[in-house]
Each structure stands twice: as C-alpha cells, then as structure tokens.
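If you read the sequence from its start, that first residue is 1, and numbering goes on from there.
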Amino acid sequence: MKLKKLQIEPTTFCTLDCEYCHRKSIPPQDLPLEVLDRVNGVAKEYVIYGYGEPLLYPDFFKRIEGFDGKVVISTNGMLDSDILDLADKVGVSIDVNDKFRKGLEVEKALEVLRKLGERGIAEVVVTKDNLELLPAFFERIAEHGSGMLATNVVASNPAIYEQGVYFECSRITVEKVLGLDESILVEAIKDCSRGGGEALRRYKHLLKEVYSKGYSINLLAIFGRKGRVETAFKAEGVFEMLRDLAGDYGVELIEPSFFGDSKARECPYRDSAFLRVDGKISSCMSFAYTHTEYVDGHYKKVEKFCPGNVLKEDIDDVIGKMAEFERVRADMENFPWCADCPYVEGCWYAETNVDCYANLPSCSECLYSSGIAKCLLGD
C-alpha cells in the first residue's frame with residue numbers, strides 16, 4: 001500500500017516555546033537516520049514537521065534529498081537555510097505577533113517568506129488578538145507571492161480556548177436558534193407541567209426541524225456561549241476580506257471553518273501516516289502522543305495511537321496494522337460530533353479517547369475533521 005502522504009518528525013528540539021504546543025511533555029531527541037531508508041518510497045508526498053523545528057537537524061535533510069516524491073517542509077522561520085531549497089513547498093509558522101510564541105521574531109520569519117516567494121505559505125493560528133490584524137499582514141506577504149494557511153487553535157487549556165474565534169456546534173443549529181430567547185427552555189418546561197403551551201410548541205418544532213436534517217442540537221452551549229458565537233461570525237467577516245485580497249494578488253488562501261458541521265466532516269489525514277521521532281507510526285499528528293486538549297468547554301485526554309514501530313517492523317506491516325482504523329475513518333459519520341450533543345459537558349466518553357459509538361480511538365471531537373483546524377498536510 002502506497003500512502004498519499006507521510007508526515008515525518010525529524011526532531012523534537014525547538015527554538016521556540018509556544019503556549020499552545022503539546023511538545024512540552026515530549027523528550028527532546030532526533031530521528032534515527034536509519035529509519036529513512038525504510039520509509040523512502042512508501043508515500044507520494046513527504047511532509048517534514050512535527051513537535052520540533054526540522055532545520056535544527058541538517059543531517060536529516062542530507063538523507064532525504066534523494067527521496068522519491070514531493071517534499072514539503074514546515075519551519076518556524078527562525079533559521080534561514082539552503083535546506084529549504086530541497087522543498088517543493090515551505091510553510092512558515094508565524095502568528096502576526098509574538099504573544100503566544102515565545103522566541104518568535106516576526107520580521108525574521110517574514111524575511112524567510114519573502115525569499116521563498118511563491119514557494120512559501122504562512123501558517124497562522126487565528127486568535128482574538130490577531131484576527132483584525134490579518135488583512136494587513138496578508139497583504140504584506142501576498143505582495144511577494146506567498147499565500148496563507150490559517151487555522152484555529154487546538155487549545156490545551158481554558159485560557160487558550162478563550163482566545164479561539166470558533167464555535168464547535170454545527171452552524172445550521174446555531175442559525176435555527178438565532179432570534180430565540182434562552183427563556184424558551186424554562187418556559188417549555190413550565191408548559192410541560194401545564195400540559196402544553198406556545199413555548200413547548202416552538203421548542204418541539206425546533207427539535208423536529210433539526211432532527212429532520214440529521215442533526216442534534218446543544219441549546220445550552222449555543223445560549224451559554226453567545227459571545228463565542230458572535231466572535232465566530234466576526235471571524236467569517238474578516239475572512240471575506242482575506243478572500244478578496246487573495247483574488248487581487250493571485251495567491252493561495254487556505255481558510256478554516258469557524259463553525260462545526262456534523263454532516264460535513266472529512267479527515268485530512270486519510271491514507272496518510274505520522275512517523276514519530278522514535279520510529280513509531282501513528283495515523284495522524286493528533287494521535288501521535290498522549291496529550292490533553294480543551295474542546296467544547298471541557299478537558300479531553302487523547303491517548304496515543306501507535307500500532308507499530310518502523311525501527312522494529314517492516315513499514316508495510318506497520319501500515320497494515322492501521323487498516324481497520326483507516327476503514328472506520330473513511331466516513332467521518334462513524335464518529336459522533338459531540339459538540340451538538342446536549343450531554344457533552346460532564347460526559348465520560350467525551351473526556352476520554354473513546355465515544356458513545358464504542359470507537360477507540362475516536363475522532364468525535366477532532367477539529368481537523370470539521371475544518372476548524374487546518375494543517376499543511378491537508379491543503
């Protein structure tokens with residue numbers, strides 16, 4: 001089996017200390033170079049990045065120069081190097097300002113992008129702090145031909161989550177609730193005790209409409225996070241401006257969604273794999289290491305899913321071990337979209353790496369599957 005893409009993590013050493021990165025719990029090390037002989041030829045495209053700065057490991061790039069396939073590199077832009085000439089495409093992680101990326105020098109990263117020109121693409125994590133700065137920033141990089149990949153933050157704690165400009169519930173359910181007062185819930189309960197009433201009728205009609213389209217609805221989340229809903233609509237407006245700029249300059253813009261949609265999810269890692277720095281293979285970067293996320297207003301522990309190690313096993317055998325999970329994630333509706341469930345807060349399933357469809361591991365709250373989060377692998 002030939003993979004569509006293989007993401008390779010050369011090192012877990014890094015020049016930055018980003019607040020939202022899960023690297024802090026990963027020991028710093030370099031990928032044994034012997035691994036590269038085993039994986040050459042298994043994919044059509046090789047994406048070089050992980051929880052570290054790839055350019056800190058120049059010996060790695062000497063070995064992949066002759067790789068059979070397209071090469072994409074993601075760097076934080078702090079190290080300008082001729083190594084980048086090896087890549088067909090280069091992503092430069094830069095967040096407009098240096099608030100959340102300790103050690104980032106914005107102008108230095110911008111200079112790397114300027115040299116790359118059309119081969120470069122800025123990778124930007126959108127937050128409340130930089131949202132309104134994006135049009136001016138995008139115009140600045142577009143002038144020399146670079147595009148932009150924007151992603152929402154995958155938060156590790158409530159403080160980072162509060163910087164997010166997205167809302168996980170399906171957009172169609174949010175639109176159905178616009179204009180309704182949250183007192184409808186209380187009044188509907190009162191109507192139940194009276195044997196009926198207008199509030200109960202409207203409530204039942206709302207549920208019927210949503211369910212008929214194949215959705216569930218989390219009214220408590222929609223009513224309880226009105227500020228977040230408003231911010232998500234605001235973000236959509238900013239990206240309308242960015243689309244116009246992309247058209248004017250003829251550059252690429254990869255934009256995230258700012259609302260979820262349980263009926264329109266797709267895994268950007270399908271038919272791909274993530275090679276960890278220690279030789280272990282995972283289905284994606286999200287499942288490569290055990291870590292904690294904060295999503296849908298609750299903490300979620302994501303257990304690692306690494307069915308094999310290419311240092312100890314044949315690469316084809318390792319990929320074969322992922323076949324069952326690959327079959328399940330081929331259709332993302334195999335996983336429930338927890339954001340639309342009214343019971344998600346306090347749910348044992350949602351807080352662990354399993355879901356109420358009995359999937360282990362589960363993609364039930366994966367922001368990448370909904371397009372809320374984007375990665376260079378899935379452009």
Side-chain angles (χ1 to χ4, degrees), residues 126 128 151-155 158 161-162 164-189 191-192 197-240 255-267 293-300 331-347 349-351 355-357 359 362-374:
V126 185
K128 288 179 181 177
T151 179
N152 283 297
V153 65
V154 179
Y161 184 74
E162 284 305 308
V165 296
Y166 57 91
F167 187 61
E168 296 94 333
C169 291
S170 293
R171 197 182 201 283
I172 188 173
T173 67
V174 175
E175 290 172 337
K176 291 293 180 184
V177 175
L178 290 178
L180 288 180
D181 191 278
E182 58 192 83
S183 64
I184 188 174
L185 289 172
V186 175
E187 295 303 318
I189 293 171
D191 280 352
C192 284
E198 178 61 19
L200 182 59
R201 185 196 67 77
R202 292 178 67 194
Y203 178 66
K204 286 184 175 180
H205 179 71
L206 170 65
L207 295 185
K208 185 177 180 180
E209 270 197 290
V210 170
Y211 293 156
S212 69
K213 297 181 184 299
Y215 291 87
S216 296
I217 187 167
N218 187 347
L219 282 173
L220 290 177
I222 297 172
F223 285 139
R225 300 183 210 157
K226 285 183 177 179
R228 198 172 182 94
V229 173
E230 291 171 1
T231 301
F233 280 121
K234 178 181 176 182
E236 288 187 334
V238 170
F239 272 78
E240 284 182 18
E255 58 185 287
S257 300
F258 295 99
F259 291 93
D261 189 330
S262 66
K263 305 292 287 182
R265 288 178 291 151
E266 184 176 356
C267 176
E293 295 179 5
Y294 193 84
V295 61
D296 288 338
H298 65 88
Y299 279 105
K300 178 185 184 71
D331 180 0
M332 291 306 293
E333 287 196 30
N334 287 316
F335 304 97
W337 186 235
C338 296
D340 289 339
C341 176
Y343 311 109
V344 63
E345 292 190 41
C347 174
Y349 292 113
E351 293 174 357
D355 63 44
C356 56
Y357 289 7
N359 291 308
S362 173
C363 302
S364 58
E365 293 179 295
C366 176
L367 298 182
Y368 292 95
S369 74
S370 66
I372 288 174
K374 291 284 187 177

Taken in chain and number order and not counting sequence neighbours, the residues that satisfy salt bridge (charged side-chain N to carboxylate O under 4.0 Å, His left out) with Arg171 are Glu175, Glu236
Notebook entry, point to check: Within the distance-only criterion (no hydrogens, no angle test), does the side chain of Arg202 pair as donor or acceptor with the backbone N or O of Ala199 below 3.5 angstrom?
Noted result: no
**OP:** Answer whether the closest heavy-atom distance between the side chains of Leu220 and Pro342 falls below 4.5 Å.
**Re:** no
For Asp181, the side-chain contact (heavy atoms from CB on, under 4.5 Å) test, sequence neighbours excluded, returns Ser183
With sequence neighbours left out, the residues meeting salt bridge (charged side-chain N to carboxylate O under 4.0 Å, His left out) with Glu255 are Arg243
Residues at least two apart in sequence or cross-chain that pass ring-ring contact (aromatic ring centres under 6.0 Å, His included) with Tyr294, listed by chain then number, are Tyr161, Tyr299
Report task. Would you check if Ile217 and Val177 make a side-chain contact, meaning some heavy-atom pair closer than 4.5 Å? Result -> yes
Taken to the nearest 0.5 Å, the spacing of Lys176 NZ from Ile222 CD1 works out to 12.0 Å
Across all chains, not counting sequence neighbours, the salt bridge (charged side-chain N to carboxylate O under 4.0 Å, His left out) partners of Asp261 are none
The side-chain contact (heavy atoms from CB on, under 4.5 Å) partners of Glu266 (sequence neighbours excluded) come to none
Rounded to the nearest 0.5 Å, the SG atom of Cys341 sits from the OH atom of Tyr349 at a distance of 11.5 Å
With sequence neighbours left out, the residues meeting side chain to side chain donor-acceptor pair (under 3.5 Å) with Ser364 are Ser362
In short, Cys366 meets Trp337 closest at the heavy-atom pair O-CZ3, 3.7 Å
Gly260 and Ile372 have their tightest heavy-atom pair at N-CD1, 3.9 Å
Here the gap from Leu219 atom CG to Asp340 atom CG, rounded to the nearest 0.5 Å, amounts to 10.5 Å
Hits for side chain to side chain donor-acceptor pair (under 3.5 Å) against Arg201, two or more places apart or cross-chain, chain-then-number order -> Glu198
Heavy atoms of Ala221 and Cys169 approach each other most closely as CB-SG, 4.0 Å
Interatomic distance, SG@Cys347 vs NE2@His298, rounded to 0.5 Å, equals 7.5 Å
Taken to the nearest 0.5 Å, the spacing of Leu180 CG from Leu206 CG works out to 6.5 Å
(Q) Is it the case that atom CZ in Phe335 sees more than 12 heavy atoms from other parts of the structure closer than 6.0 Å? (A) yes
Nearest heavy-atom contact between Val154 and Ala373 is CG2-CB, 3.9 Å
Hits for salt bridge (charged side-chain N to carboxylate O under 4.0 Å, His left out) against Lys204, two or more places apart or cross-chain, chain-then-number order -> none
Quick note, ring-ring contact (aromatic ring centres under 6.0 Å, His included) partners involving residues 216-240, not counting sequence neighbours, are Phe233-Phe259, Phe239-Phe258
(request) Check whether any side-chain heavy atom of Thr173 sits under 4.5 Å from a side-chain heavy atom of Asn218, and report yes or no. (result) no
Original post:
Do Leu367 and Asn152 have side-chain heavy atoms sitting under 4.5 Å apart?
Top reply: no
_Side-chain heavy-atom pair Val165, Lys234 within 4.5 angstrom cut-off_ = no
The complete set of salt bridge (charged side-chain N to carboxylate O under 4.0 Å, His left out) pairs with one or both residues in residues 212-228, sequence neighbours excluded, reads Glu168-Arg225, Glu182-Lys226, Arg225-Glu345
Sequence neighbours excluded, the answer for side chain to side chain donor-acceptor pair (under 3.5 Å) partners of Asn359 is Asp355
Within a strict 4.5 Å, meaning less than it, do heavy atoms of the Ser257 and Tyr166 side chains meet?
no
Closest non-hydrogen atoms of Tyr215 and Tyr211, given as atom of the first, atom of the second and distance, are O-CD2, 3.1 Å
Note: Met332 and Cys363 closest approach over all heavy atoms is CE-CB, 3.5 Å
Apply the test salt bridge (charged side-chain N to carboxylate O under 4.0 Å, His left out) to residues Glu333 and Lys263: give CA-CA distance (whole Å), side-chain angles for both, the deciding distance (0.1 Å), then the verdict. CA-CA 7 Å; Glu333 287 196 30; Lys263 305 292 287 182; 3.5 Å; yes
